[in-house]
Amino acid sequence: MELKALALKGIAYDQIPVNLVKDEGQQFTPEFRAVNPMQQVPALKIDGVILSQSFFYPLQLAIIEYLEETRPQTRLLPQDPKKRAQVRMISDHIASGIQPLQNLTVLQQIGEKKLEWAQHYISRGFKALEQILQETAGRYCVGDEVTMADLCLVPQVYNANRFKVDLAPYPTISKINKALLELEAFQTSHPSRQPDTPPDLKA
């Protein structure tokens, strides 16, 4: 989601892929440990600081909030306080309530039932999210402007597809995701189009 924020704001960046599976996980190397002691991605080096992920804290949101505060062009948080709170609520729902339960470190502990585990928690989260979005959505998650909530939604829908979750019960989520994928920033930063995407998951 941080790549989408960079793309939407027109911020140039150099990307260094960290393969979480290859060589037993490149995030466990001493070099990457120096970047993020929690040995998780993403990490962003900007303005002389490194913003890096901890296990359950939605670091991607901290990155987006920092970009929003320091590079306000193409705003991702509405000016209206109620809408801004809705954006943060939806973002937290996805980044804290759904996504961490499909992290590689969690799934490795689940073992053979990881597909059922992921499907259960994505479906549970999407059931609540669908209800919320029916109240807040316009073309996108909150009204008709792209926000931080939309940056969270697209990769989670990608994850749902990866784990073969039936999206039929979630028409609002599906409609918003489809609209977002029409935007160039979401196409170029999509998980299926990254340099380290496994061949079987590439677009």
Q73 backbone acceptor or donor facing K9 side chain under 3.5 Å: yes
L77 side chain reached by R88 side chain, heavy atoms, under 4.5 Å: yes
Between CD on residue E65 and CG on residue L67, distance to nearest 0.5 Å: 10.0 Å
K175 NZ: over 12 foreign heavy atoms closer than 6.0 Å: yes
Sub-4.5 Å side-chain heavy-atom contact between I94 and P155: no
Close side-chain approach of L183 and L180, heavy atoms under 4.5 Å: yes
Electrostatic pair E68:R84 at N-O distance under 4.0 angstrom: no
Distance (rounded to the nearest 0.5 Å) between R124 CZ and I98 CD1: 10.5 Å
Separation between SG of C152 and CD of Q99, rounded to the nearest 0.5 Å: 9.5 Å
Shared hydrophobic cluster, I16 / L51 (ILVMFWY, side-chain heavy atoms < 4.5 Å): no
Over 12 non-hydrogen atoms of neighbours within 6.0 angstrom of CD1 in I11: yes
Over all atoms of both residues, closest heavy-atom pair of H93 and G125: NE2-O, 3.0 Å
V146 side chain near F186 side chain, heavy-atom distance below 4.5 Å: yes
Over 12 foreign heavy atoms within 6.0 Å of CD, Q131: no
Sub-4.5 Å side-chain heavy-atom contact between L167 and I173: no
Value rounded to 0.5 Å, distance of CZ in F126 from OH in Y121: 16.0 Å
N-O pairing of D47 and R71 below 4.0 Å: yes
Heavy atoms of other groups near E182 CD, more than 12 under 6.0 Å: yes
Backbone of C141 reached by a side-chain donor or acceptor of T136 within 3.5 Å: yes
Distance, nearest 0.5 Å, that separates OH of Y140 from CD1 of I90: 15.0 Å
Beyond-backbone contact of L76 with V87, side-chain heavy atoms, under 4.5 angstrom: no
Side-chain (E130) to main-chain (T172) donor-acceptor, under 3.5 angstrom: yes
Residue E112 excluded, over 12 heavy atoms near CD under 6.0 Å: no
Q119 atom CD, over 12 foreign heavy atoms within 6.0 Å: yes
Closest heavy-atom pair and its distance - A137, I176: CB-CD1, 3.7 Å
Check: T147 main-chain N/O paired with D150 side-chain donor or acceptor under 3.5 Å: yes
Heavy-atom side-chain proximity of L151 to L8 below 4.5 angstrom: yes
Spatial distance of atom CD (Q15) from atom CG (L44) [nearest 0.5 Å]: 11.0 Å
